[in-house]
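Basis for what follows: all heavy atoms, side chains included, without hydrogens, waters or symmetry-related copies.
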Amino acid sequence: MKKFVLSLLMPLLAILLAGCASKVPTQQSASLPTITNLKTISDMTEIGFEWTPTNNENVAGYYLYRSNPNTPNASMQIVADIKDRFATHYVDTDLAPETTYSYQMRSYSQNAISPAGATVNATTKALLESVPFLQAIAGLPNRVKIIWRPHPDLRVVSYVVERSNASENKWRSVATVKGRLNAEYIDTDVKSGRSYEYRILVKTSSGVTSKPSAVVKATTKELP
């Protein structure tokens, strides 16, 4: 019985110990190096960081802090625990496009944290524009043919075709066309004598979706 109880308690004890081990130190130590040379490079939803590693053997790793200046009263929050003092690069992901973020980095030891380093601002890039040309072929029986010009950006891997009943402005995805060089979709899930609107969004290899394209309209052929 004791062995059974012990076997139940051991996983719980491991979880508690892990939580204690990952606790952020609250004591600040001027003996730990301050990170003042944090460099950034931005993409649409990511910001990359580079810094000079420290030779201080007391350093166990680095905390990266982030705040969003567009959020009122935003404070610095830890977004990454980089657990190696020899690390020099990190990428912050899942960010909003066209948004400015503020960052700080601090080194830490087993029981202390360095003073705040310099604050750096970095702005993510704007979303990709969609396809430069889009056309809907009208007057076809029970179908609408959509053609477009392949996107010039080599990161594009697919096209998302969206449709709305004319003038309703309620968009839903009707197809995903894979391959940057593909430039056609035929929609057969339509009714005769009805008008539809279409637009296209492109998706990159990293999963980022562009702004929607201009809207085109087509009316299917009436029944005889």
Original post:
Leu134 and Leu140: same hydrophobic cluster, using ILVMFWY side-chain contacts below 4.5 Å?
Top reply: no
Original post:
Is any side-chain N of the basic residue among Arg163 and Asp187 closer than 4.0 Å to the acidic one's carboxylate O?
Top reply: yes
Original post:
Measuring from Asn68:CG to Leu95:CG, what's the distance to the nearest 0.5 Å?
Top reply: 9.5 Å
Original post:
Given Val59 and Tyr108, is the side chain to side chain contact (heavy atoms under 4.5 Å, CB included) satisfied, shown in steps?
Top reply: CA-CA 5 Å; Val59 171; Tyr108 67 87; over 6 Å; no
Original post:
So do the side chains of Ser210 and Tyr159 get within less than 4.5 Å of each other, counting heavy atoms only?
Top reply: no
Original post:
Under 4.5 Å between any side-chain heavy atoms of Met105 and Tyr90, yes or no?
Top reply: no
**OP:** For atom NZ of Lys221, decide whether the heavy atoms of other residues, nucleotides or ligands shown that lie under 6.0 angstrom number more than 12.
**Re:** no
**OP:** Looking only at non-hydrogen atoms, find the nearest pair between Arg180 and Val156 and report the distance.
**Re:** CB-O, 3.3 Å
Subject >> Point-to-point distance, once rounded to the nearest 0.5 Å, from CD of Glu222 to NZ of Lys191 >> reply: 13.5 Å
**OP:** Please determine if Lys125 and Glu98 form a salt bridge, counting it only when a charged side-chain N lies under 4.0 Å from a carboxylate O.
**Re:** no
**OP:** Decide yes or no for Val131 and Arg149: does some side-chain heavy atom of the first lie under 4.5 Å from some side-chain heavy atom of the second?
**Re:** no
Original post:
Measuring from Ile147:CD1 to Phe133:CZ, what's the distance to the nearest 0.5 Å?
Top reply: 5.0 Å
**OP:** Kindly work out whether a path of hydrophobic side-chain contacts (I/L/V/M/F/W/Y, heavy atoms less than 4.5 Å apart) joins Trp171 to Val161.
**Re:** no
Original post:
About how many Å separate OG of Ser67 and CG of Asn121, when rounded to the nearest 0.5 Å?
Top reply: 8.0 Å
Subject >> Side-chain donor-acceptor pair present, Ser164, Asn169, cut-off under 3.5 Å >> reply: no
Original post:
Same hydrophobic cluster for Ile35 and Val120, using side-chain heavy-atom links shorter than 4.5 Å among ILVMFWY?
Top reply: yes
Original post:
Can you find a heavy atom in the side chain of Met76 that is under 4.5 Å from one in the side chain of Ser102?
Top reply: yes
Original post:
If two hydrophobic side chains count as joined below 4.5 Å and joins carry through other members, does Leu127 share a cluster with Trp148?
Top reply: yes
Subject >> Chi angles and distances behind the salt bridge (Lys or Arg N to Asp or Glu O under 4.0 Å) call for Glu162, Arg199 >> reply: CA-CA 5 Å; Glu162 293 187 339; Arg199 67 185 187 184; 2.7 Å; yes
Original post:
What distance separates Ser107 OG from Ile82 CD1, expressed to the nearest 0.5 Å?
Top reply: 11.5 Å
**OP:** Would you check, one step at a time, whether the test side-chain hydrogen bond (donor to acceptor under 3.5 Å, both in side chains) holds for Ser206 with Thr204?
**Re:** CA-CA 5 Å; Ser206 59; Thr204 69; 3.1 Å; yes
Original post:
Where do Phe49 and Leu38 land on the side chain to side chain contact (heavy atoms under 4.5 Å, CB included) test, with the steps shown first?
Top reply: CA-CA 7 Å; Phe49 298 87; Leu38 192 61; 3.9 Å; yes
Original post:
How are the rings of Tyr103 and Tyr101 set to each other: parallel, tilted or perpendicular (split at 30° and 60°)?
Top reply: tilted
**OP:** List the atom of Ser130, the atom of Pro212, and the distance in Å for their closest heavy-atom pair.
**Re:** CB-C, 3.9 Å
Subject >> Asp189 bridged to Arg172 by N-O distance under 4.0 Å >> reply: yes
Original post:
Is there side-chain contact between Leu64 and Gln104, with heavy atoms separated by less than 4.5 Å?
Top reply: no
Original post:
Is Glu168 atom CD crowded by more than 12 heavy atoms from other residues, nucleotides or ligands, each under 6.0 Å away?
Top reply: yes
Original post:
Where the side chain of Arg155 meets the backbone of Asp153, is there a donor-acceptor pair that is under 3.5 Å apart?
Top reply: no
**OP:** Evaluate side-chain hydrogen bond (donor to acceptor under 3.5 Å, both in side chains) for Gln77 paired with Ser75, printing each intermediate quantity in order.
**Re:** CA-CA 6 Å; Gln77 302 292 330; Ser75 60; 2.8 Å; yes
Original post:
Would you say the side-chain atoms of His151 pair up with the backbone N or O of Glu129, donor to acceptor, closer than 3.5 Å?
Top reply: yes
**OP:** Identify the heavy atoms of Pro115 and Leu32 that sit nearest to each other, and give their distance.
**Re:** CD-O, 4.0 Å
Original post:
Shortest non-hydrogen contact from Thr54 to Arg85?
Top reply: O-NH1, 3.1 Å
**OP:** Please round to the nearest 0.5 Å and tell me the distance separating atom CZ of Phe86 and atom CG of Asn55.
**Re:** 7.5 Å
**OP:** In sequence, state the C-alpha distance, the side-chain angles, and the governing distance for Met44 and Thr124, and then conclude on side chain to side chain contact (heavy atoms under 4.5 Å, CB included).
**Re:** CA-CA 5 Å; Met44 290 179 288; Thr124 50; 6.0 Å; no
**OP:** Applying side chain to side chain contact (heavy atoms under 4.5 Å, CB included), run through Ser158 and Lys203 and close with a yes or a no.
**Re:** CA-CA 5 Å; Ser158 62; Lys203 187 171 286 189; 3.5 Å; yes
**OP:** Step through the shown structure and confirm whether more than 12 heavy atoms of other residues, nucleotides or ligands are within 6.0 Å of CD1 on Ile41.
**Re:** no
Original post:
With no hydrogens and no angle check, is any side-chain donor or acceptor of Ser42 less than 3.5 Å from a backbone partner on Thr123?
Top reply: yes
**OP:** Decide yes or no for Val202 and Val160: does some side-chain heavy atom of the first lie under 4.5 Å from some side-chain heavy atom of the second?
**Re:** no
Original post:
Would you say the side chain of Ser109 lies within less than 4.5 Å of the side chain of Asn111, judging by non-hydrogen atoms?
Top reply: yes
Subject >> side-chain hydrogen bond (donor to acceptor under 3.5 Å, both in side chains), paired with Ser192, selected from Asn142, Thr219, Thr220 >> reply: Asn142
Original post:
On the ring face of Tyr62, is Arg106 found with NZ or CZ under 6.0 Å from the centre and within 45° of the axis?
Top reply: no
Original post:
Between Lys217 and Glu197, is there a side-chain N and carboxylate O pair less than 4.0 Å apart?
Top reply: no
**OP:** Would you kindly say whether Ser29 and Ser31 are connected by a side-chain donor-acceptor distance under 3.5 Å?
**Re:** yes
Subject >> Co-membership, hydrophobic cluster, residues Ile200 and Val216, 4.5 Å side-chain >> reply: yes
Subject >> Val144 side chain reached by Tyr185 side chain, heavy atoms, under 4.5 Å >> reply: no
